[in-house]
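Shown next, in C-alpha cells, is the structure this report addresses.
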Amino acid sequence: MIAMIVMESSNNGIKFRKAKYNDIKEATYMLLNLVPPGKVTTYKELAILLSTSPRVIGRALKENNKPIIIPCHRVVGSNGHLKGYSMGGLEVKKRLLLIEGVEVKNYTVPKKYILKLTDILMS
DNA sequence: ATTTGCTCAGCTC
DNA sequence: GAGCTGAGCAAAT
C-alpha cells in the first residue's frame with residue numbers, strides 16, 4: 001500500500017490529510033511510470049496499491065491531462081484483456097503494445113507480460 | 001465465451 | 001441525499 005494519506009508542508013508545518021481523487025490520479029501516473037516498455041500492469045493491481053477500486057483507476061487514466069507522458073496503454077484488465085483506451089480506441093492501444101514488444105492476441109495480453117507492481121516495490 | 005451480480009467514487013439533479 | 005454511470009471483477013452458466 002502506498003498512499004492513503006497525503007503529507008503536505010506549509011509555513012505552519014506539516015499537515016496530513018486523506019487522499020483525494022486528484023491524489024489518486026497523480027499516484028496512478030507515478031506508478032505507471034514504473035512500468036517499463038514491454039510490460040503491462042492491471043487496473044486491479046493499481047487499485048489495490050492505492051486502496052481504491054479498479055473503476056476509479058480507469059477513470060483516472062481516462063481523464064489524464066498529460067497525454068504522452070502517461071503510458072495508459074500499459075494497463076489491462078486483471079485477466080489480460082484490453083479494456084479501454086480513450087485516445088484512439090483499442091486498436092491504437094494494441095498497436096502501441098505491439099510496438100513495445102508485448103504480444104497481443106485477440107485483444108488479450110498473455111500473463112507473462114503482466115508485471116506485478118508489488119514485486120518491484122518490495123525489492 | 002457469455003451472462004449476472006457486485007462494487008465504489010464521481011457526477012448530476 | 002438519491003440515482004445513474006463506468007477504461008472492472010469474479011462467479012456461475
Side-chain angles (χ1 to χ4, degrees):
Chain A
M1 231 177 273
I2 297 218
M4 296 164 54
I5 301 294
V6 178
M7 188 173 80
E8 278 178 333
S9 60
S10 63
N11 345 4
N12 293 355
I14 299 180
K15 293 199 315 196
F16 293 91
R17 61 177 172 74
K18 211 167 164 187
K20 292 189 233 165
Y21 177 52
N22 278 338
D23 304 320
I24 302 282
K25 264 162 89 168
E26 284 186 34
T28 305
Y29 304 150
M30 287 201 294
L31 288 173
L32 217 43
N33 281 316
L34 297 180
V35 182
K39 292 283 182 184
V40 298
T41 187
T42 68
Y43 297 96
K44 187 184 178 185
E45 184 92 16
L46 293 169
I48 292 171
L49 286 168
L50 300 178
S51 58
T52 183
S53 68
R55 292 199 139 150
V56 173
I57 302 296
R59 183 187 299 263
L61 294 177
K62 184 176 184 179
E63 295 174 357
N64 84 80
N65 31 7
K66 318 170 188 177
I68 302 173
I69 299 179
I70 318 292
C72 326
H73 58 278
R74 287 184 207 144
V75 188
V76 302
S78 67
N79 50 4
H81 264 88
L82 300 200
K83 285 297 172 184
Y85 192 63
S86 60
M87 320 284 298
L90 292 186
E91 273 304 323
V92 176
K93 187 168 182 172
K94 181 177 161 188
R95 209 171 305 149
L96 288 170
L97 288 172
L98 289 172
I99 290 171
E100 294 185 348
V102 178
E103 274 180 79
V104 183
K105 295 175 187 168
N106 202 6
Y107 296 99
T108 303
V109 176
K111 278 185 190 168
K112 61 175 175 174
Y113 293 100
I114 300 179
L115 185 64
K116 282 197 177 172
L117 284 176
T118 44
D119 289 350
I120 305 185
L121 296 167
M122 300 306 172
S123 60

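Numbers restart at 1 for each chain; the letters A, B, ... are given by sequence-line order, proteins then strands. Just so it is clear, the values below take in all heavy atoms, side chains as well, and ignore hydrogens, waters and symmetry mates.
- Considering every non-hydrogen atom in both A:Thr28 and A:Ala60, the closest pair reads OG1-CB, 4.4 Å.
- A:Asn79 has its CG atom 12 Å from the C1' atom of B:dA1, to the nearest Å.
- Base contact: A:Ser86 has a heavy atom under 4.0 Å from a base atom.
- In this structure, A:Lys25 atom NZ and B:dC11 atom C1' are separated by 13 Å, rounded to whole Å.
- The base of B:dA9 lies outside donor-acceptor range of the side chain of A:Tyr21, with no N or O pair under 3.5 Å.
- Exactly one of A:Lys93, A:Glu91, A:Lys94 qualifies for a side-chain hydrogen bond (donor to acceptor under 3.5 Å, both in side chains) with A:Tyr107. That residue is A:Glu91.
- Across the protein-nucleic acid pair, A:Lys83 atom NZ and C:dT5 atom P stand 19 Å apart, rounded to whole Å.
- Using modelled atom types, no side-chain atom of A:Lys44 and backbone atom of A:Asn79 make a donor-acceptor pair closer than 3.5 Å.
- If you take NZ of A:Lys62 and P of B:dC11, they are 12 Å apart, rounded to a whole angstrom.
- Residue A:Ser78 places at least one side-chain N or O under 4.0 Å from the OP1 or OP2 atom of C:dC9.
- Summarising the geometry of A:Val76 relative to A:His81, their closest heavy-atom pair is CB-O, 3.6 Å, with the distance given to 0.1 Å.
- Hydrophobic clustering (side-chain heavy atoms under 4.5 Å, transitive across Ile, Leu, Val, Met, Phe, Trp, Tyr) keeps A:Val40 apart from A:Leu34.
- You'll find that the side chain of A:Thr52 is closest to B:dA9, out of C:dA7, C:dC9, B:dA9.
- Separating the CD1 atom of A:Ile57 from the C1' atom of C:dC9 is a distance of 14 Å, rounded to the nearest angstrom.
- The CG atom of A:Leu50 sits 14 Å away from the C1' atom of B:dA9 (whole-angstrom rounding).
- Which of C:dT5, C:dA10, C:dA7 sits closest to the side chain of A:Lys44 comes down to C:dA10.
- Distance check: A:Ile24 CD1 to A:Ser51 OG gives 6.0 Å after rounding to the nearest 0.5 Å.
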Strand DNA chain C as a dot-bracket string - pairs counted if Watson-Crick or G-U with both distances under 3.5 Å, | where the partner lies in another strand: ||||||.||||||
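- With distances taken from any side-chain atom of A:Pro54 to the nucleotides B:dA9, C:dA7, C:dG8, the minimum falls on C:dG8.
- Residues A:Leu50 and A:Val75 are members of one and the same hydrophobic cluster, defined by side-chain heavy-atom contacts under 4.5 angstrom among Ile, Leu, Val, Met, Phe, Trp and Tyr.
- Regarding A:Leu61, its CG atom lies at a distance of 10 Å from the P atom of C:dG8, rounded to whole Å.
- Here B:dA9 is the nucleotide among B:dA9, B:dC8, C:dA7 with the atom lying nearest to any side-chain atom of A:Arg59.
- The CD1-P distance, from A:Ile24 to B:dC8, rounds to 14 Å in whole Å.
- Which of C:dA7, B:dT7, C:dC9 sits closest to the side chain of A:Arg55 comes down to B:dT7.
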